[in-house]
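All values derive from a computational prediction rather than experimental measurement.
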Amino acid sequence: MGEFELIRRFFDRGPARRSPLGIGDDCALVAAREHGQIATTCDLLVEGRHFFADVSPADLGHKALAVNLSDLAAMGAEPFGFLLSISLPRVDEAWLEAFTEGLFAIADRYGCELLGGDTTAGPLAISITAFGHVPAGAALRRDGAQPDDDLWVSGEIGGPSWAVGERYAGRGHALPASLVRRLDRPEPRVELGMALRHLASAAIDLSDGLLGDLGHIIERSRVGAEVDESALPVSPEIVAESRDRAIEFALAGGDEYELLFCAPPENRSAIEALGRRLGIPLTRIGRIRDGASIQVHDARGRPRARLPRSHEHFG
Ligand code: ADP
Ligand code: MG
């Protein structure tokens, strides 16, 4: 099977709703929205670095798009389309079937259509560029946090990074199904991000660990922050093992794809109501302060002496 037959068979699903020309021309054409901005983001996943060679191709298809949708969610953008660049060592039809099944299942769920891409032979690597709409000026940026804002996080944290460690240690088979699902099929917080447009002052998605990602917000917003470790919604699966380790994973572990956001205290009840409406736990874990550093303290207000480090490539 050649390149064009492969594209036709696995990636071309006919004219897209947002792009009636469909794929196959030199560029995709998408209608612009009046008074709108387009949020765009891309992520590169490389075998051996971001996933294991024996990963389920359906999970990989899901995750490759999910991580991009999570970035759109963190900007409050509404996903509409994506480009897929893929490098494949060989044409493995069963692999491609499963990969596209996982990919298109999540794409369809979020109304995000494949607009085009690039296909080549080479080591297994996948890069997706995703696009979303956001009304002009409404995007949730990293630089909007203000002193006295509350600091919030969605969902439960710490579990996925702990689960990765368990896999490396050869104990992956003993992981609870809930965690395996969160790790392999993360659900981007797209609806939450869109609903926060008028409630949050700043947001970021948790991909490299809470302290590292909060570090980006305080740097861009030129503020400091205070985190109450006893308020962290740590994954119950790790708390059962050790509460202290659970807190370390919650502070530094990556792969969460939850939203960390700041909001003025007067929005508290609206945010709590939003969490109930969406069925997503939203937890207040601290506040923004004047300054330029992050302080983590325990329930009695004692500062944590040593802060665990977040993930960085080339770090
Ligand atoms: P060009 O030569 O203009 O770069 P290609 O020959 O690489 O175009 O691709 C032909 C068409 O197929 C283009 O419209 C491109 O967007 C689309 N395409 C190629 N690979 C993919 C893919 N993996 N997913 C979706 N569309 C793809
Ligand atoms: Mg090409």
Whether the side chain of Glu256 engages the backbone of Gly158 through a donor-acceptor N/O pair (distance < 3.5 Å, no angle test) should be reported. yes
Name all residues meeting the side-chain hydrogen bond (donor to acceptor under 3.5 Å, both in side chains) criterion together with [X]; count only those two or more places apart in sequence or in a different chain, and write none if there are none.
X      : result
Asp228 : Ser230
Glu34  : none
Arg197 : none

Which heavy atom in Ala145 sits nearest to a heavy atom in Cys262, and how many Å separate them? CB-SG, 3.8 Å
Calculate, to the nearest 0.5 Å, the distance between atoms CG and CG belonging to Leu60 and Leu124 respectively. 6.5 Å
I need the full list of salt bridge (Lys or Arg N to Asp or Glu O under 4.0 Å) pairs touching residues 74-94, with sequence neighbours left out, sorted by first then second residue. Arg9-Glu93, Arg33-Glu78
Which residue pairs pass the salt bridge (Lys or Arg N to Asp or Glu O under 4.0 Å) test with at least one member in residues 53-70, sequence neighbours excluded? Asp59-Arg185, Lys63-Asp255
Would you mind listing the cluster partners of [X]? Hydrophobic ones only (ILVMFWY), side-chain contacts under 4.5 Å, chaining allowed.
X      : result
Leu115 : Val30, Ile38, Phe80, Leu83, Phe131
Leu44  : Val46
Leu29  : Leu21

Any pair with a residue in residues 143-158 that passes side-chain hydrogen bond (donor to acceptor under 3.5 Å, both in side chains), sequence neighbours left out, goes on the list, sorted by first then second residue, please. Arg141-Asp143, Asp149-Ser201, Asp150-Arg268, Ser154-Glu258
Are Leu183 and Leu179 in one and the same hydrophobic cluster, where Ile, Leu, Val, Met, Phe, Trp and Tyr link if side-chain heavy atoms are under 4.5 Å apart? no
Single-linkage hydrophobic cluster, 4.5 Å side-chain cutoff, Phe51 and Leu103 together: yes
Could I get the full list of ring-ring contact (aromatic ring centres under 6.0 Å, His included) partners for Tyr257, not counting sequence neighbours? none
Ring centroids only, cut at 6.0 angstrom: are Phe10 and Phe104 within range, meaning strictly under it? no
Identify whether the distance between the nearest side-chain nitrogen and carboxylate oxygen of Arg302 and Glu229 falls below 4.0 Å. no
Carboxylate-amine/guanidinium proximity below 4.0 Å for Arg8 and Asp12: no
Could you tabulate the donor-acceptor pairs under 3.5 Å formed by side-chain atoms of residues 269-296, not counting sequence neighbours?
residue, atom, partner, partner atom, Å
Arg289, NE, Glu226, OE1, 2.8

Please set out all donor-acceptor pairs under 3.5 angstrom arising from side-chain atoms of residues 170-178, sequence neighbours excluded.
residue, atom, partner, partner atom, Å
Arg171, NE, Glu166, OE1, 2.8
Arg171, NH2, Glu166, OE2, 3.0
Ser178, OG, Glu237, OE2, 2.7

